[in-house]
Peer 1: 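The structure follows.
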Protein chains: 2
Amino acid sequence: MARRSDHTREELWWLAIDASRKIVEKEGLRGLRARQIARDIGYTIGTLYNLFEDLDDLTMHMNGETLDQLMEACSKVELTQNPTMDLERLVHCYLSFTHENPKLWNAVFEHKLPEDRPVPEWFSEKVSKLLAIIESALAPILSDRSETEIHQHARVLWMSLFGMTVLEGSGRLQDGETSFMLAKTLIKTYVDGLKNGQDSSVGNGL
Amino acid sequence: MARRSDHTREELWWLAIDASRKIVEKEGLRGLRARQIARDIGYTIGTLYNLFEDLDDLTMHMNGETLDQLMEACSKVELTQNPTMDLERLVHCYLSFTHENPKLWNAVFEHKLPEDRPVPEWFSEKVSKLLAIIESALAPILSDRSETEIHQHARVLWMSLFGMTVLEGSGRLQDGETSFMLAKTLIKTYVDGLKNGQDSSVGNGL
DNA sequence: GCTTGAAATTGAGCGGCGATCAATTTATTT
DNA sequence: AAATAAATTGATCGCCGCTCAATTTCAAGC
């Protein structure tokens with residue numbers, strides 16, 4: 001019973017992604033099953049595999065959509081040229097998102113492609129664009145540094161925040177500890193370090 | 001052909017854990033299969049399920065062993081009462097370990113128990129002990145701050161380092177980027193920030 | 001040494017999974 | 001109307017985690 005005109009290919013694609021998001025947000029990445037997705041969108045497995053290469057591919061796109069939504073939220077933060085304030089606002093936005101979509105966010109880093117399979121370029125690009133926001137917030141205090149250096153500081157901050165959300169997501173924060181507090185401490189101390197630190201050269205060795 | 005006296009229960013337990021470690025270090029957590037473990041240790045699936053509740057249980061114990069080994073490595077770092085040196089050595093030890101056992105380390109946080117299943121207390125304890133080492137090494141740097149403050153800064157740094165190892169382990173660093181250089185940047189900048197933080201005019205001996 | 005009960009071990013089997021693909025149905029083009 | 005192309009189906013494959021009745025072994029009591 002092929003129903004070619006029920007939905008366009010793109011509509012179908014989004015039906016599958018949205019269904020997957022709902023499943024993951026409810027049951028976590030473990031609960032994501034091809035048969036369930038197909039059932040939820042009213043098609044069969046075969047159609048799913050006509051849309052996506054496999055479950056890894058589908059999961060990557062689902063995670064890509066999560067990154068897009070985070071990007072959209074972060075884009076709304078107005079930058080004021082005050083790095084500490086800008087970063088705190090950005091981080092607040094970031095952490096709010098991860099709190100509101102814990103399982104979808106978890107899925108972004110929980111999911112791992114097989115080793116022989118490279119991360120698609122379009123996915124890396126989404127991450128890069130998020131990083132670019134942080135870089136632009138940092139830029140005012142790093143105007144005298146190289147692009148490479150700015151880039152790395154942004155990545156260090158990003159990875160640090162990432163560590164907090166990972167540990168928070170797996171319930172390893174202490175009582176009374178929140179990623180908001182931790183992130184605020186990180187940002188303030190790190191920005192202080194950038195302002196006052198002498199040449200913090202970015203070696204490429206070791 | 002039950003062979004009760006080939007191995008004690010404990011020997012068998014370690015055979016299984018070691019076999020699992022080998023599989024994971026070679027193929028990643030994805031490659032961990034009950035049938036393969038059983039084959040590798042010369043027993044059948046049934047015996048494996050006599051030793052462990054299920055694959056989640058086995059994986060938790062395998063990860064526990066990884067934490068123990070990291071703990072052992074970090075314990076060997078001699079503390080010199082020179083906070084900066086101790087810190088650098090500890091971080092180096094920590095990163096060396098995660099660098100030498102990338103897939104085993106990755107498995108520690110990649111693995112997620114089903115939501116209705118709490119992390120065993122013995123596992124949380126291993127993590128806490130590891131954290132305590134790192135915290136104690138970081139604490140002297142912050143000797144002029146309140147205990148709460150010391151504690152939080154130590155944890156912020158720990159989580160940041162953690163984020164880097166996570167991203168490195170899952171192959172999400174850029175070309176030429178290593179957790180060693182990222183950690184160096186993080187620590188230098190962060191310590192600079194601690195030295196020159198605006199709400200603490202007391203310098204220290206660094 | 002024999003019996004007996006407990007523990008260890010086996011492996012066929014269950015249900016479910018991701019993935020495949022020949023066959024079928026539909027839409028579009030000619 | 002026929003031919004072509006695309007979408008859709010679902011039976012099927014091989015593998016998975018896991019179960020459990022049956023079997024084998026060991027050790028203790030006699």
Side-chain angles (χ1 to χ4, degrees), chain A residues 1-17 19-24 26-63 107 110-117, chain B residues 1-17 19-24 26-63 107 110-117:
Chain A
M1 288 205 287
R3 293 167 293 176
R4 191 189 225 172
S5 54
D6 276 15
H7 305 96
T8 67
R9 195 180 168 81
E10 195 186 358
E11 283 172 342
L12 220 42
W13 193 91
W14 279 106
L15 279 178
I17 293 293
S20 301
R21 288 170 52 83
K22 271 171 195 149
I23 291 171
V24 169
K26 205 167 90 178
E27 308 177 40
L29 197 52
R30 274 193 185 233
L32 191 64
R33 262 116 186 143
R35 283 173 169 83
Q36 185 62 51
I37 301 168
R39 215 174 297 136
D40 288 355
I41 67 175
Y43 283 77
T44 58
I45 295 186
T47 294
L48 210 55
Y49 280 85
N50 177 257
L51 292 165
F52 301 92
E53 193 178 334
D54 51 28
L55 260 205
D56 278 323
D57 182 39
L58 184 149
T59 307
M60 288 301 287
H61 282 98
M62 182 192 68
N63 287 339
E110 248 177 59
H111 176 67
K112 255 209 121 190
L113 289 171
E115 206 179 353
D116 56 348
R117 203 160 152 185
Chain B
M1 285 210 286
R3 293 166 297 177
R4 192 188 225 172
S5 54
D6 274 15
H7 304 96
T8 67
R9 192 168 225 279
E10 197 186 357
E11 283 172 340
L12 220 43
W13 193 91
W14 280 107
L15 280 178
I17 292 293
S20 302
R21 288 170 53 82
K22 271 170 194 150
I23 292 171
V24 169
K26 207 168 88 180
E27 309 177 40
L29 197 53
R30 273 190 186 234
L32 192 64
R33 261 114 188 141
R35 281 173 171 85
Q36 186 61 50
I37 301 168
R39 215 173 297 135
D40 288 354
I41 66 175
Y43 284 78
T44 57
I45 296 185
T47 294
L48 210 55
Y49 280 86
N50 177 257
L51 292 166
F52 300 92
E53 196 180 331
D54 51 30
L55 261 205
D56 278 324
D57 182 39
L58 185 150
T59 307
M60 288 301 286
H61 282 98
M62 182 194 67
N63 287 340
E110 223 177 82
H111 176 67
K112 269 226 155 177
L113 290 170
E115 209 180 355
D116 55 349
R117 205 161 150 183

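Atoms considered below: every heavy atom in the structure, side chains included; atoms not considered: hydrogens, waters and symmetry mates. Chain letters run A, B, ... following the sequence lines, proteins first, then strands; residues in each count from 1.
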Peer 1: Taking CZ from B:Arg30 and P from C:dC17, how many angstroms apart are they, rounded to a whole number?
Peer 2: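 Rounded to whole Å, this separation is 17 Å.
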Peer 1: Counting only heavy atoms not in A:Glu115 (residues, nucleotides, ligands), do more than 12 fall under 6.0 Å from its CD?
Peer 2: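 Not buried by this count: 12 neighbours or fewer within 6.0 Å.
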Peer 1: How many angstroms lie between CD1 in A:Ile23 and CG in A:Leu29, if you round to the nearest 0.5 Å?
Peer 2: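 Going from CD1 on A:Ile23 over to CG on A:Leu29, the span is 11.0 Å.
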Peer 1: Rounded to the nearest angstrom, tell me the gap between atom CH2 in A:Trp13 and atom P in D:dT8.
Peer 2: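 Taking atom P of D:dT8 as the reference, CH2 of A:Trp13 is at 16 Å.
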Peer 1: Rounded to the nearest 0.5 Å, how far apart are CH2 of B:Trp13 and CG of B:Asn50?
Peer 2: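 If I round to the nearest 0.5 Å, the distance is 14.0 Å.
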Peer 1: OP1, OP2 of C:dG18 versus side-chain N and O of A:Arg33: anything below 4.0 Å?
Peer 2: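 No, outside the criterion.
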Peer 1: From CG of B:Leu12 over to P of C:dA7, roughly how many Å is that when rounded to an integer?
Peer 2: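 Nearest whole value for this atom pair: 16 Å.
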Peer 1: Tell me which residues in residues 47-58 of chain A lie within less than 4.0 Å of DNA chain D, going by non-hydrogen atoms.
Peer 2: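 Residues of residues 47-58 of chain A that come under 4.0 Å of DNA chain D are, in numerical order, A:Thr47, A:Asn50.
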Peer 1: Decide yes or no for B:Val24 and B:Met62: does some side-chain heavy atom of the first lie under 4.5 Å from some side-chain heavy atom of the second?
Peer 2: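 Sidechains of B:Met62 and B:Val24: in contact.
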Peer 1: Find the distance B:Arg39:CZ to C:dG11:P and express it as a whole number of Å.
Peer 2: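 It is 13 Å, rounded to the nearest whole Å.
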Peer 1: Starting at atom CD1 of B:Ile41, determine the distance to atom C1' of C:dT9, rounded to an integer number of angstrom.
Peer 2: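 Rounded to the whole Å, the gap is 12 Å.
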Peer 1: State, yes or no, whether a side-chain contact exists between A:Leu51 and A:Leu58 at a heavy-atom distance under 4.5 Å.
Peer 2: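 A side-chain contact under 4.5 Å is absent here.
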Peer 1: Roughly how many Å is it from CD1 in B:Ile23 to P in D:dC16, rounded to a whole number?
Peer 2: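 From B:Ile23 CD1 to D:dC16 P: 11 Å.
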Peer 1: Identify all pairs in which a protein N or O lies below 3.5 Å from an N or O of nucleotides 13-15 of chain C, and state each distance.
Peer 2:
residue	atom	partner	partner atom	Å
C:dG13	O6	B:Arg35	NH2	3.4

Peer 1: Please state how far atom CZ in A:Arg9 lies from atom P in C:dT26, giving the value in whole angstrom units.
Peer 2: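 These atoms are roughly 19 Å apart.
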Peer 1: Distance check, rounded to the nearest 0.5 Å: A:Glu53 atom CD versus A:His61 atom NE2?
Peer 2: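 Answer for the CD-NE2 pair, A:Glu53 versus A:His61, is 9.5 Å.
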Peer 1: Do B:Arg21 and B:Ile17 have side chains that get closer than 4.5 Å, going by heavy atoms?
Peer 2: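 Yes. Closest side-chain heavy atoms under 4.5 Å.
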Peer 1: Can you tell me how far the CG atom of A:Leu15 sits from the OH atom of A:Tyr43, to the nearest 0.5 Å?
Peer 2: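 The CG atom of A:Leu15 sits 7.5 Å away from the OH atom of A:Tyr43.
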Peer 1: Any salt bridge between B:Arg117 and B:Asp56, counting N to O under 4.0 Å?
Peer 2: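 Yes, this pair counts.
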Peer 1: Rounded off to whole Å, could you give me the CG-to-P distance for the A:Leu15 and D:dT8 pair?
Peer 2: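 Those two atoms, CG and P, are 11 Å apart.
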